[in-house]
Amino acid sequence: MIISRKVQVRLNVFFITAAVLSVTVFSIYQLGYLDELFTVLAKDNYIFYWMLLVGVLAEIVAGSMGMGYGVICTTTLLFLGIPPHAVSASIHSAESFTTAAGSLSHIRLKNVSKTLVKRLAVPAVIGAVIGAVSLTYLGEYYSKITKTIISFYTLYLGIQILSNAFKNKQDKKLKKKTNLTRLGLAGGFIDSFAGGGWGPLVTGTLIKNSFTPRFAVGSSTVAKFILTLTAAITFILTLGIQHWNIIFGLLIGGIFTAPFSAMLTAKLPVKSMFIVIGLLVIIMSSITIYKSVF
């Protein structure tokens, strides 16, 4: 019953998006601009279609593992040579919509603790603004150094993802004391500056410290939406709208896949996915580091 309700919310978003896109494409066709549209989408070596694929794969992983969307997108975009500030700006712009759909699902399923959201979201917003402003400056003037730093971070996350495949389930224990203000601030900054990392750091820490899993995931998702929207607005105000083909590719791929990711959760071999995704992130991050250094 819980899964069906969650899927229903995402299906609603799917059908609304599909209807809007269908009407838009039909209108463009009627006006005779369809050829021009395909020409525009073919810009930058067809990066729109590549991002469409990345958005689909990242959403499948995030839907089944509860994290990894930002890590996969960031690693891929850096690998393709996109500047760090454009990477994070594009990901957060697209992720504002996908996290909104996820947050709505968790709210309707009553998986959200308002107190936990507030204690995470307020410092996360501050961290997100600081991270976005810092990346806007550093990413533009020190892009090579920034790309190397972020690649080392995604390499670390790849190792963490890989190690999760071989961890035994933890025994039930008393909840450890967690500094939520510090956790939210660090999570918001890292996610905004590095293009991802909120899930592995914040959600992972909450579950590790024995917070009730459904409240940890639900509350963390809502807080993530708030910081993602904040980061996206900050990037728009400081950089303007750049690389729209990346944003729309990730957005459309993510939204069209989101309704089905929940269905796949119980069917996909999660351990195998941890191994494959972890290795992929490690390899791509290592290649990006090598290109940046040499």
Around atom OH of Y290, are there more than 12 heavy atoms from other residues, nucleotides or ligands closer than 6.0 Å?
no
Quick one: which residue pairs count as a salt bridge (Lys or Arg N to Asp or Glu O under 4.0 Å) with a foot in residues 218-227, not counting sequence neighbours?
E95-K224, D191-K224
Of all heavy-atom pairs linking L138 and T146, the shortest is O-OG1, 3.2 Å
Do you know which two heavy atoms are closest between T230 and T234, and how far apart they sit?
O-OG1, 2.8 Å
Report whether L120 and V117 are members of the same hydrophobic cluster (ILVMFWY, side-chain heavy atoms less than 4.5 Å apart, transitive linking).
no
May I ask you to test the I47-I82 pair for a side-chain heavy-atom distance under 4.5 Å?
yes
Do you reckon V129 sits in the same ILVMFWY cluster as L135, going by side-chain contacts under 4.5 Å, direct or chained?
no
Contact between L157 and Y153 at the side-chain level, heavy atoms closer than 4.5 Å - yes or no?
yes
Between V202 and S220, what is the shortest heavy-atom contact and its length?
CG1-OG, 4.0 Å
Group every Ile, Leu, Val, Met, Phe, Trp and Tyr by side-chain heavy-atom contacts under 4.5 Å, then state whether V276 and L279 land in the same group.
no
I want to check something: taking the side chain as every heavy atom from C-beta on, are I190 and L201 in contact at a cut-off of under 4.5 Å?
yes
List the atom of S103, the atom of V222, and the distance in Å for their closest heavy-atom pair.
OG-CA, 3.4 Å
Could you tell me whether the side chain of S192 and the main chain of G188 form a donor-acceptor pair under 3.5 Å?
no
Is there a side-chain contact (heavy atoms from CB on, under 4.5 Å) between F235 and S88? Walk through the geometry before answering.
CA-CA 9 Å; F235 279 121; S88 188; 3.5 Å; yes
Out of curiosity, does V133 fall in the hydrophobic cluster containing L239 (side-chain heavy atoms, cut-off under 4.5 Å, transitive links)?
no
L155 and V281, any side-chain heavy atoms less than 4.5 Å apart
no
With the side chain counted from C-beta on, respond yes when I126 and F189 share a heavy-atom pair under 4.5 Å apart, and no when they do not.
no
Might you point out which heavy atoms bring H92 and T228 nearest each other, and give the distance in Å?
O-CG2, 3.3 Å
Check whether any side-chain heavy atom of F193 sits under 4.5 Å from a side-chain heavy atom of I150, and report yes or no.
yes
Got N245 and M51 here, is their nearest side-chain heavy-atom distance under 4.5 Å?
no
Parallel, tilted or perpendicular: which describes the rings of Y46 and Y49, with under 30° parallel and over 60° perpendicular?
tilted
Are T154 and T74 close enough that a side-chain donor and a side-chain acceptor fall under 3.5 Å?
no
Using the rule side-chain contact (heavy atoms from CB on, under 4.5 Å), only one of L250, I246, I252 pairs with F48; which is it?
I252
With K291 as the cation and F79 as the aromatic partner, state whether NZ or CZ is under 6.0 Å from the six-membered ring centre and within 45° of the axis.
yes
Using a 6.0 Å cut-off, check whether atom CZ of F215 has over 12 heavy atoms from anything other than its own residue.
yes
Output every pair passing salt bridge (Lys or Arg N to Asp or Glu O under 4.0 Å) with a member in residues 116-134, not counting sequence neighbours, ordered by first then second residue.
none
Are I130 and V87 linked, directly or through intermediate hydrophobic residues, by side-chain heavy-atom contacts shorter than 4.5 Å (ILVMFWY only)?
yes
Do the side chain of S219 and the main chain of S113 share a donor and acceptor less than 3.5 angstrom apart?
yes
L53 meets the side-chain contact (heavy atoms from CB on, under 4.5 Å) criterion, sequence neighbours left out, with W50, L57
Closest non-hydrogen atoms of A132 and T136, given as atom of the first, atom of the second and distance, are O-OG1, 2.7 Å
When you look at L180 and L206, which way does the side-chain contact (heavy atoms from CB on, under 4.5 Å) test go after all the steps?
CA-CA 9 Å; L180 295 175; L206 292 176; 3.8 Å; yes
